[in-house]
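Here's the structure we're looking at; comments come further down.
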Amino acid sequence: MDLGAIDLDHTLGCGQVFRWRKEGGLWTGVVDGHLVRLRQKGKRIDAETELPEGRLRSYFRADDDLEAILKEISRDAYVRRLVDRYRGLRLIRQDPWECSASFILATYSNIPRIKMMIERVCTSFGTDAGGGVFAFPRPEQIIENEPGAENCGLGFRCGRFVAFARQVEAKQVDFDDLRAAGYQDAHARLVELEGIGDKVADCIAVFSLDHLDAFPIDVRIKRALAERYGASGSYRRVSEFARRHFGRYCGYSQEYIYYAEDMKNRKPGPEQA
DNA sequence: AACCAGGTCTCGA
DNA sequence: TCGAGACCTGGT
């Protein structure tokens with residue numbers, strides 16, 4: 001299958017998604033409830049899944065003109081180097097609900113624990129997708145068995161997580177509207193919700209709502225921008241610098257920078273991905 | 001044994 | 001609008 005220029009290891013391993021696993025060259029994940037197995041074959045991808053091909057292409061943003069986007073964000077030597085090093089890293093178009101709920105859980109924690117919390121949520125509430133993997137639960141699956149959330153080790157995020165599930169289930173959150181809206185508008189409406197602040201709102205915007213001009217700023221990105229560009233201050237201030245400096249696809253630049261910063265802290269292992 | 005982690009919330013200036 | 005503190009819990 002042709003998903004456009006793509007490097008599966010960079011795309012699925014850069015940190016934008018939490019649930020994909022790689023074993024012996026085979027990537028396994030769940031998209032829209034369907035088990036998906038992928039293998040990189042040079043420029044092409046071997047896919048084994050029931051997921052419609054259209055959605056798989058949409059998931060990997062196969063229609064993005066990656067070269068044009070990378071050219072657009074390559075506005076300084078630093079990003080040019082990262083684009084060159086991690087070429088083939090594509091943003092992913094995640095399911096908005098799963099993306100939102102996941103990043104609500106990802107606040108003030110670390111990657112290993114975030115993955116653990118999400119896996120517990122999936123096995124506690126989700127549907128078996130086969131292959132020993134559970135799908136991320138739908139909101140109603142969480143509401144139906146709400147007390148079960150207490151056993152997922154979510155800590156202070158538990159209330160936020162359940163409350164958000166309830167709001168989505170009650171259709172108090174309309175992801176289609178948020179997608180159709182402009183970035184600023186979508187961001188403003190997202191931060192109104194419990195558990196969603198500036199950073200999580202930007203993650204939702206760029207990873208699931210097509211707002212490629214959103215630029216999530218976590219501690220590492222903040223540090224990197226301060227060191228590389230001397231950009232510091234409030235979230236809003238740094239955020240505006242990023243949009244001004246990297247342009248309308250700054251969301252892509254964020255992911256390359258995040259990945260580079262994350263790689264510094266990774267320990268070498270057999271499945272380096 | 002502390003310290004820290006893909007932040008958010010609350011409160012005071 | 002912005003900065004300071006508190007905060008569940010499991011890694012390191």
Side-chain angles (χ1 to χ4, degrees), chain A residues 10-20 82 86 89 91-92 94 96 98-121 123-124 136 147-165 167 173 184 187-209 211-212 214-228 231-242 250-269 273:
Chain A
H10 293 331
T11 298
L12 296 174
C14 69
Q16 61 179 322
V17 286
F18 296 108
R19 301 202 63 215
W20 285 86
L82 300 186
Y86 304 124
L89 191 174
L91 244 30
I92 283 176
Q94 303 180 222
E98 176 173 346
C99 181
S100 309
S102 296
F103 278 98
I104 284 173
L105 294 181
T107 62
Y108 195 47
S109 189
N110 51 59
I111 304 281
R113 177 146 90 113
I114 294 166
K115 289 182 174 175
M116 189 174 62
M117 288 189 283
I118 294 176
E119 287 313 310
R120 283 183 188 158
V121 162
T123 52
S124 298
F136 194 88
E150 301 293 339
N151 304 320
C152 295
L154 309 183
F156 64 81
R157 305 165 195 76
C158 189
R160 299 174 181 177
F161 179 73
V162 173
F164 184 68
Q167 286 185 295
V173 183
Q184 300 287 357
H187 179 99
R189 286 154 64 186
L190 282 168
V191 296
E192 293 298 312
L193 303 169
E194 181 187 349
I196 299 180
D198 287 326
K199 189 270 179 179
V200 170
D202 281 340
C203 286
I204 298 167
V206 73
F207 296 141
S208 74
L209 297 177
H211 296 301
L212 301 187
F215 189 91
I217 302 167
D218 70 300
V219 285
R220 294 174 201 183
I221 291 289
K222 187 168 175 61
R223 212 153 41 212
L225 263 60
E227 287 172 6
R228 303 277 174 181
S232 60
S234 68
Y235 189 98
R236 183 167 170 180
R237 196 176 138 80
V238 178
S239 178
E240 284 172 357
F241 162 79
C250 61
Y252 259 97
S253 67
Q254 188 273 355
E255 208 51 31
Y256 278 79
I257 296 170
Y258 177 83
Y259 189 31
E261 292 300 313
D262 192 40
M263 290 298 269
K264 290 183 185 173
N265 302 324
R266 285 196 204 186
K267 295 191 172 155

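Naming: A, B, ... by sequence-line order, numbering from 1 per chain. Everything numeric in this text was worked out from a predicted model, so none of it was measured.
Evaluation of A/F103 against the base of B/dG6 yields no stacking contact (centre distance < 5.5 Å, interplanar angle < 30° required).
With sequence neighbours excluded, no residue forms a side-chain hydrogen bond (donor to acceptor under 3.5 Å, both in side chains) with A/T107. Residues forming a ring-ring contact (aromatic ring centres under 6.0 Å, His included) with A/F241 (at least two apart in sequence, or on another chain): A/Y229, A/H245. Annotation: ring-ring contact (aromatic ring centres under 6.0 Å, His included) contacts of A/F103 (sequence neighbours excluded): A/F18, A/F207. Residues satisfying the side-chain hydrogen bond (donor to acceptor under 3.5 Å, both in side chains) criterion with A/Y256, sequence neighbours excluded, are absent altogether. Scored by the side-chain contact (heavy atoms from CB on, under 4.5 Å) test, A/R237 finds A/S234 as partners (sequence neighbours excluded). Listed by chain and residue number, nothing satisfies the ring-ring contact (aromatic ring centres under 6.0 Å, His included) test with A/F161 (two or more places apart in sequence, or in another chain).
Using P as the reference atom, B/dC3 and C/dG5 are 16 Å apart when rounded to the nearest Å. Spacing of P atoms, B/dC11 relative to C/dC8, comes out at 15 Å, to the nearest Å.
One atom, CZ of A/F161, and another, P of C/dC8, lie 18 Å apart when rounded to the nearest Å. Rounded to whole angstrom, the span from the CG atom of A/L105 across to the P atom of C/dT9 amounts to 14 Å. Following rounding to the nearest Å, A/N151 (CG) and C/dC8 (P) show an atom-to-atom distance of 18 Å. A straight line from CG of A/D202 to C1' of B/dG7 spans 12 Å, rounded to a whole angstrom. One interatomic measurement links the two molecules: CD1 of A/I217 to P of B/dG6, which rounds to 16 Å at whole-angstrom precision. Between the NZ atom of A/K199 and the P atom of B/dC9 there is a distance of 13 Å, given to the nearest Å. Here C/dT9 presents its P atom at 10 Å from CG of A/L154, a figure rounded to the nearest Å. B/dG6 atom P lies 16 Å from atom NZ of A/K222, rounded to whole Å.
In this model, the phosphate group of C/dT1 is not approached by any side-chain N or O of A/S234 to a distance below 4.0 Å at OP1 or OP2.
Nucleic acid contact class of A/E261 (heavy atoms, under 4.0 Å, all strands): none. Using a 4.0 Å heavy-atom criterion, one finds that A/F18 contacts the bases of the nucleic acid, with or without backbone contacts as well. Looking at heavy-atom distances under 4.0 Å, A/G195 makes contact with sugar-phosphate atoms alone, never a base. Using a 4.0 Å heavy-atom cutoff across all strands shown, A/M116 reaches sugar-phosphate atoms only and no base atom. Using a 4.0 Å heavy-atom criterion, one finds that A/G155 contacts the bases of the nucleic acid, with or without backbone contacts as well. Among the protein residues, A/Q16 comes within range of the nucleic acid bases, having at least one heavy atom under 4.0 Å from a base atom. Note on A/I196: only backbone sugar-phosphate atoms sit closer than 4.0 angstrom, heavy atoms only; bases stay farther off. Backbone-only engagement by A/D198 is indicated by non-hydrogen atom pairs under 4.0 Å involving sugar-phosphate atoms exclusively.
In this structure, A/E255 and A/E194 both approach DNA chain B, and ranking their closest nucleotides by distance from the 5' end singles out A/E255.
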Please output the side-chain donor-acceptor pairs of residues 195-205 of chain A that fall under 3.5 Å, not counting sequence neighbours, one pair per line with the distance.
residue : atom : partner : partner atom : Å
A/D198  : OD1  : A/H187  : NE2          : 3.0
A/D202  : OD1  : A/Y183  : OH           : 2.6
A/D202  : OD1  : A/H187  : ND1          : 2.9
A/D202  : OD2  : A/Y235  : OH           : 2.6

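Residue pairs that meet the salt bridge (Lys or Arg N to Asp or Glu O under 4.0 Å) test with at least one member in residues 148-162 of chain A, sequence neighbours left out, do not exist here. Listed by first and then second residue, the salt bridge (Lys or Arg N to Asp or Glu O under 4.0 Å) pairs that reach into residues 106-119 of chain A are A/R19-A/E119, A/R21-A/E119, sequence neighbours excluded.
A/R113 contributes no side-chain N or O that forms a donor-acceptor pair with the base of B/dC4 under 3.5 Å. For C/dC8, the base has a donor-acceptor partner in the side chain of A/R157 [N/O atoms by modelled type, under 3.5 angstrom].
What you find for A/R120 and A/G153 is that their closest heavy atoms are NH1-CA, 3.5 Å.
At distances below 3.5 Å, at least one donor-acceptor pair connects side-chain atoms of A/Y252 with backbone N or O atoms of A/L91. With A/Q167 contributing its side chain and A/V173 its backbone, the two residues share no donor-acceptor pair below 3.5 Å.
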Could you write out each protein N or O paired with an N or O of nucleotides 4-7 of chain C at a distance under 3.5 Å?
residue : atom : partner : partner atom : Å
C/dC7   : N4   : A/Y108  : OH           : 3.2

Could you run down the sub-3.5 Å N/O contacts of the protein with nucleotides 1-3 of chain B?
none

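You'll find that the side chain of A/R236 is closest to C/dC2, out of B/dG6, B/dA5, C/dC2.
The residue from A/V206, A/V238, A/L225 that alone fulfils the side chain to side chain contact (heavy atoms under 4.5 Å, CB included) condition with A/F215 is A/L225.
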Next item on the list: Can you run through DNA chain B from 5' to 3' and write each base as (, ), [, ], | or . depending on how it pairs? Watson-Crick or G-U wobble, both distances under 3.5 Å.
Entry: .||||.|||||||
